[in-house]
Amino acid sequence: MRILVTGATGQIGSELVLVLREKFGAENVVACGHKRPPSPKLASGPFLSLDVTDKTALERVVGEHKIEVIYHLAAILSAAGEKNPGLAWKVNMEGLYNVLEVSRVLGVKKVFWPSSIAVFGPKTPKENTPQETILSPTTMYGITKVAGELLCEYYYRRYGLDVRGLRFPGIISSETPPGGGTTDYAVEIFYHAVRGEPYTCFVRPDTVLPMMYMPDCLKATLNLMEADPAKLRYRIYNVTGISFSAEELAREIQKRVPGFKVEYKPDFRQAIADSWPRTIDDRAAREDWGWKPDYDLPRMVEDMLCALKKKREKGEF
Ligand code: SER
């Protein structure tokens with residue numbers, strides 16, 4: 001299996017590449033990044049600099065490396081997208097269009113593309129948000145994710161391209177920090193706790209959002225990609241891990257880091273958070289391909305603190 005991962009230097013990509021290399025052989029997984037330099041860990045296999053908005057360059061890479069499966073992770077996230085809506089449109093829409101089109105022309109067998117809880121908006125039910133519901137987002141990021149879902153469905157229906165995706169909640173991880181997302185506070189807070197510094201959170205304490213720990217994110221991605229196609233009722237599935245408020249997260253950390261102080265100064269990201277669901281109904285994923293997360297809040301917090309303390313001891317931050 002020859003695999004290409006775009007956005008490989010990002011939060012999910014930097015860990016997904018390593019898992020895929022473990023499973024399919026390092027030389028078979030081509031990692032591509034654009035802005036950030038690759039981490040030393042990504043040097044375990046091929047790494048290329050690639051801008052996904054450059055269709056000719058993408059076509060060359062897919063052709064030359066005989067790529068059969070693409071994990072297309074390169075994107076501009078929600079908060080960064082509100083600062084530069086034009087860039088979010090360009091990277092997210094042109095990038096996805098190029099990946100789908102190159103896949104169709106060169107016969108790529110499968111494509112994975114992450115959607116997001118950002119497809120939902122203020123009119124969507126906030127609790128147990130259903131798989132099929134109102135998709136009426138108010139952010140440019142959300143708009144690109146809804147249009148992206150429709151585009152993936154179009155390529156499946158019209159050309160039979162096997163595109164699969166997940167509406168990820170906020171992803172929490174210790175390896176690579178996310179950049180430019182609304183759910184970034186749920187990662188930043190851990191770095192401050194481990195450094196022994198207070199944290200100023202950019203959403204209100206009662207803000208509840210759906211989240212997922214990275215091992216569950218990787219498991220969901222691999223399980224969906226391995227699922228029997230006959231069982232898939234949807235191209236893009238709701239998935240969730242754990243929903244909690246910013247204050248509940250802070251308290252769970254404080255149990256393990258006594259004296260850790262958090263204050264709350266909501267900024268423009270509060271409105272984005274308020275437009276998203278609090279909890280997600282992911283029964284379709286559970287029924288169709290056996291989705292089940294492993295991490296609850298205490299287990300995730302325990303694991304995050306342990307991983308970041310080790311990185312801190314090694315002087316990595
Ligand atoms: N975590 C992402 C963001 O906050 C949601 O997809 O933008």
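Just so you know, ligand 1 is whichever comes first in the structure, and atom 1 is the first atom listed for that ligand. Sequence positions, counted from 1, serve as the residue numbers for this chain. The shown structure was predicted, so the numbers you read here are calculated from the model rather than taken from an experiment.
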Do [X] and [Y] have side-chain N/O donor and acceptor atoms under 3.5 Å apart?
{"X": "E127", "Y": "T279", "answer": "yes"}
{"X": "Q131", "Y": "Y234", "answer": "no"}
{"X": "Q11", "Y": "T176", "answer": "no"}
{"X": "S115", "Y": "R167", "answer": "no"}

Considering the heavy atoms of [X], write down every atom of ligand 1 situated less than 4.0 Å from one of them.
{"X": "T182", "answer": "3 (C), 4 (O), 7 (O)"}
{"X": "Y141", "answer": "5 (C), 6 (O), 7 (O)"}
{"X": "S78", "answer": "3 (C), 4 (O), 7 (O)"}
{"X": "W276", "answer": "3 (C), 4 (O), 5 (C), 7 (O)"}
{"X": "T183", "answer": "1 (N), 2 (C), 4 (O)"}
{"X": "L77", "answer": "7 (O)"}

Check the pair E101, K55 against salt bridge (charged side-chain N to carboxylate O under 4.0 Å, His left out), reporting the backbone distance first and the verdict last. CA-CA 9 Å; E101 196 46 21; K55 189 157 165 260; 5.2 Å; no

For atom 5 (C) of ligand 1, which candidate among A80, S116, A75 provides the closest heavy atom?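 Going through A80, S116, A75 one by one, S116 has the nearest heavy atom to atom 5 (C) of ligand 1.
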
Pairing of E149 and R235 as salt bridge, 4.0 angstrom limit: no

